[in-house]
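A, B, ... follow the sequence lines: proteins, then strands. Residue 1 opens every chain. This one's a predicted model, so the numbers in the text were calculated from it and none came from an experiment.
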Amino acid sequence: MPYIDAQMVEDIAIGAAFLGTGGGGDPYVGKLMALQAIEKYGPVELLDVEQIPDDAQIVPAAMMGAPTVLVEKIPSGEEVFRAFNMLKEYLGKEIYATIPIEAGGVNSMIPIAVAATQQLPLIDADGMGRAFPELQMVTYHLYGISATPMVIADEKGNTILLNTIDNFWTENLARNATVVMGGSVMIAIYPMTGKDVKKAGIRNIVTYSAEIGKAIRLARQNDQNPVAALIKVTGGYPLFKGKIGDVIRRTTGGFVRGQAIIAGIDEFRGSKLELHFQNENLIAIQDGKVAATVPDLICTVDAETAIPITTEGLRYGQRVVVVGIPCDEKWRTPKGIETVGPRYFGYDVDYIPVEKRVKEVR
Amino acid sequence: MSYRLGIDVGGTNTDAVIIDENLNLVAKVKTPTTQDVSSGIFTAMRTVLEEAAIPPEKISYTMLGTTHCTNAIVERKRLCRVAVIRLAKPATQSIEPTTGWPPELKEAIGSRYYLVEGGHEFDGREISPLNEEEIRKIAQELKGKVDSIAIISVFSPINAEHEKRAGEIIKSEMGAIPITYSHEIGSIGLLERENATILNAALINIARNTANSFVDALKKEGVTNATVYICQNDGTLMAVDYAVNYPILTIACGPTNSIRGASFLSNVENGIVLDVGGTTSDVGVITNSFPRESSLAVEIGGVRTNFRMPDLVSIGLGGGTIIREDNGEIKIGPDSVGYRITEEALVFGGSTITATDIAVRLGLADIGDKEKVNCIDMEFARRAHEKIMTMVAEAIDKMKVSKDPLPLILVGGGSIIINGTLEGVSEIHRPDNFDVANALGAAIAQVSGEVDKIYSLSDMTREQAMDDARKLAKEEAIRAGANPDTVTIVQQEDVPLAYLPGNATRIRVKAAGSLSR
């Protein structure tokens, strides 16, 4: 049975930050929490989805709010347990295991810390296979699973139990509660059964994150090309290689929207890529032609080190490689496209899978 | 006529200059840096005073940029025993202070830390009221056990009230003990700011000793009328009695002084500085005559901090870089003959082709015996030079923030290898006296004030928030001793906070001005 140890935490942090497609925050604080928990309580058991009993109670754990607040007001470490315990009490059932809600710098790490401290196994799956900004943007939502009952907890000891009429109300109420509670909270959300996870979860995401991080680490150690190693392990499409020109950002409704213009280098010399983002990268347009859109993954990495770059970290002059990765099939259904497709984010563009887009652009 | 004395300690040399009140160079010296650093400073001081042959009492300002503090952290020597008081409970308990520090460094300062109720939210509300009783108890317990205290509260860059109040209580209980407040040291990012605060607290004794012995030595040389300043790493100065409380702000002032000196020598206020050494080159950026700061976390002696540092990129290219051909492809380094260049380079009778040899072969530089490089194929030399220039152009481009071409200032002993046009560069400057650019940078330094705050844009516009921050920064600079007429904004940036409604934005502004008088 595989266990998550300190080295694997390091690898997952890099891999998940990559899959965060520019969002999901910097993993540093979450990583320290996970490492400290593992040092104290031992490695975390990683469960394959097939190993979970159908009726087992599964609860995802996550941080909600601004990563900038998280790095200043570090969690007490108790919030997430209070959220767990309150939800457990409300449900009247023991929690069998926890699971990440998304792959991203912060929320790949929090569930590991929770699993280690609560002595629970971690399930090798999540609800996005990438990062998204809103609570209803998970594959669980697509299968009609309710985000509530959900518990929001802050470090002061406040907890809120939410029961809502739909997952959009959950997002709205929880987002506002987050601000009042100080901008960074822990949540226990989308309580579900083992059967639900088998049906709605995106499988092997923890292992996948670890493999990505490991490939980058080994390539750098052995003086090989880390970007080539990244492409190989992900099977992704190198959409573009270039130098970042202008970066424009503006805040609307609590989300940072913006775009970066990337001028092509090497085999892309003479070409231009426009990268639009709202916390996460949403759409890439090469010379006027759409090269990739959400929900497919559009990931930006440093062209030399393959270290993922968040949208907050995009700066003029960086040499980057933009990689497109097909999203999970669950996102490619009509309801998936409706929930997280380009039109949801305000782009008048049809969703066409990245593997087809790539052929059209070339 | 009055004068200024500037001294800068580098890894290899300690440089000193004397300039007059119109900032003209009067004398310069270079002496080897000594193991104890101080005796090298005194030698440089004595020699440059002799050289200048001016009455020492005519010196009205002295500026010192030194490596004492960096060395102490790296060597883990002579550090204070520090108590760390974090005002944050119940927040932040999941990560203890000094997590991730090298164990010897933790041991050197005696890991004594306390977590107390207090701290603020991002919007300025209290997380919990400050537990004054607890702080009083801690102060009693610490009497005679530590030399220095570090106080850190959550979001203190936004609201420093709790840090200040805790300091008052400690002073009233413990009497005179040095206290470092995190809001004076770093910006948002608790762990990184806390680390920098603890390091600062640990350096207080060294800073005092260094400052005292420097002031004494000046007196001995007859420099009795000078105001003494210590250089910070942002190109500005601290009065010596103020500096002893903020030693961490001196770390890495060397590269900063060098960039500032280059800007001064070339009269370029906005541009790129390329400092070419024997093995590597550093590229820095000057914005309004100040070095641009790095926005990333930086490590000092194995400790992660968010403490401001000059933004530099280093490339493996210098005068001694070895040039070779590998399967028809020209390779530039990254290895170098380093200081052995005077034995190993072709022009000096050696047998290794270096970047310097390429420059001599192409007639771009005149050094050593140029007959000795005739064996290099002209075509090879041209291709190698082209590759060197591409490397430099790429490094410069990485550091730029826009496409507009900028002037380039070349300094450093290896800069003879750079010649010709560079993409993205409008003109190349090679100023005289570049060998003492760093001591000059110290002598011409200004004083500054800085603000780093989160503003909520629901009750004001972005422009109003920027105005408020600019006003606060200017006030800070004037408090630090700047002539109000000369204070200008030298840096500003705003970054919106992601994933939070309410349009909170973080604004950082720095103002600087010339010394009064």
Side-chain angles (χ1 to χ4, degrees), chain A residues 23 25-26 28-29 32-33 35-37 64-80 113 117 133 154-157 175-176 178-184 243 245-247 249-258 263 265 278-279 310-313 315-319, chain B residues 86 88-96 99-100 115 117 119-123 125-128 154-158 187-194 285 295-297 304 306 313 394-403 424 454 457 462 494-506:
Chain A
D26 180 279
Y28 185 67
V29 166
L32 281 186
M33 288 173 69
L35 288 173
Q36 234 171 45
M64 179 167 182
T68 319
V69 173
L70 179 78
V71 301
E72 175 67 28
K73 191 178 69 171
I74 292 162
S76 79
E78 295 294 316
E79 328 47 4
V80 72
T117 321
D154 67 16
E155 73 289 342
K156 293 169 278 282
R175 187 72 53 187
N176 281 286
T178 301
V179 177
V180 178
M181 289 167 111
S184 162
K243 187 190 119 184
D246 289 333
V247 184
R249 297 186 174 90
R250 61 185 190 281
T251 317
T252 42
F255 293 113
V256 178
R257 279 180 165 262
I265 50 177
Q278 173 187 315
N279 299 353
T310 62
T311 52
E312 283 172 318
R315 277 196 300 149
Y316 174 91
Q318 282 167 333
R319 269 33 181 205
Chain B
R86 194 200 274 173
K89 235 160 123 180
T92 80
Q93 297 178 84
S94 61
I95 303 175
E96 293 172 351
T99 295
L115 206 59
E117 284 86 2
H120 289 85
E121 304 280 8
F122 72 95
D123 53 9
R125 289 174 296 155
E126 281 183 348
I127 293 173
S128 36
V154 172
F155 277 115
S156 65
I158 290 172
S187 53
I188 310 267
L190 182 84
L191 298 176
E192 292 84 358
R193 184 175 76 252
E194 180 174 79
V285 180
S295 52
L296 303 171
R304 180 177 156 120
N306 61 357
V313 43
E394 269 180 20
I396 290 172
D397 197 56
K398 267 186 199 168
M399 294 295 283
K400 287 168 67 179
V401 289
S402 79
K403 276 172 270 187
I454 293 179
L457 298 187
R462 182 177 160 276
D494 65 317
V495 181
L497 298 194
Y499 299 99
L500 269 194
N503 288 334
T505 194
R506 176 178 170 186

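Contact of Glu121(B) with chain A is made through the side chain alone, with heavy-atom distances under 4.5 Å. Interface residue Glu394(B): backbone and side-chain heavy atoms are both found under 4.5 Å from chain A. With a 4.5 angstrom heavy-atom cutoff, Arg125(B) touches chain A only via side-chain atoms. Neither the backbone nor the side chain of Val247(A) comes within contact range of chain B; no heavy atom of the residue lies under 4.5 Å from a heavy atom of that chain. If you measure heavy-atom distances from Gln318(A) to chain B, you find no contacts under 4.5 Å at all. When heavy atoms are compared at a cutoff of 4.5 Å, Met64(A) does not approach chain B at all. Interface residue Ala91(B): backbone and side-chain heavy atoms are both found under 4.5 Å from chain A.
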Can you list the steps and then say if Leu191(B) with Leu32(A) is a side-chain contact (heavy atoms from CB on, under 4.5 Å)? CA-CA 11 Å; Leu191(B) 298 176; Leu32(A) 281 186; 3.6 Å; yes
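Listed here is the closest heavy atom pair of Glu72(A) and Phe155(B): OE2-N, 2.5 Å. Annotation for Phe122(B) and Val179(A): closest pair CE2-O, 4.0 Å, computed over non-hydrogen atoms.
With values rounded to the nearest 0.5 angstrom, Lys73(A) atom NZ is found 5.5 Å from Ile127(B) atom CD1.
Looking at heavy atoms from C-beta onward, Gln93(B) lies out of side-chain contact with Glu155(A) at the 4.5 angstrom threshold. For the pair Ile95(B)/Met33(A), a side-chain contact is recorded, criterion being any heavy-atom separation below 4.5 Å from C-beta on.
When Ser94(B), Pro90(B), Gly189(B) are compared by the number of non-hydrogen pairs under 4.5 Å with chain A, Ser94(B) comes out ahead. Contacts with chain B were tallied for Pro75(A), Gly313(A), Gly77(A); Pro75(A) has the most, counting heavy-atom pairs under 4.5 Å.
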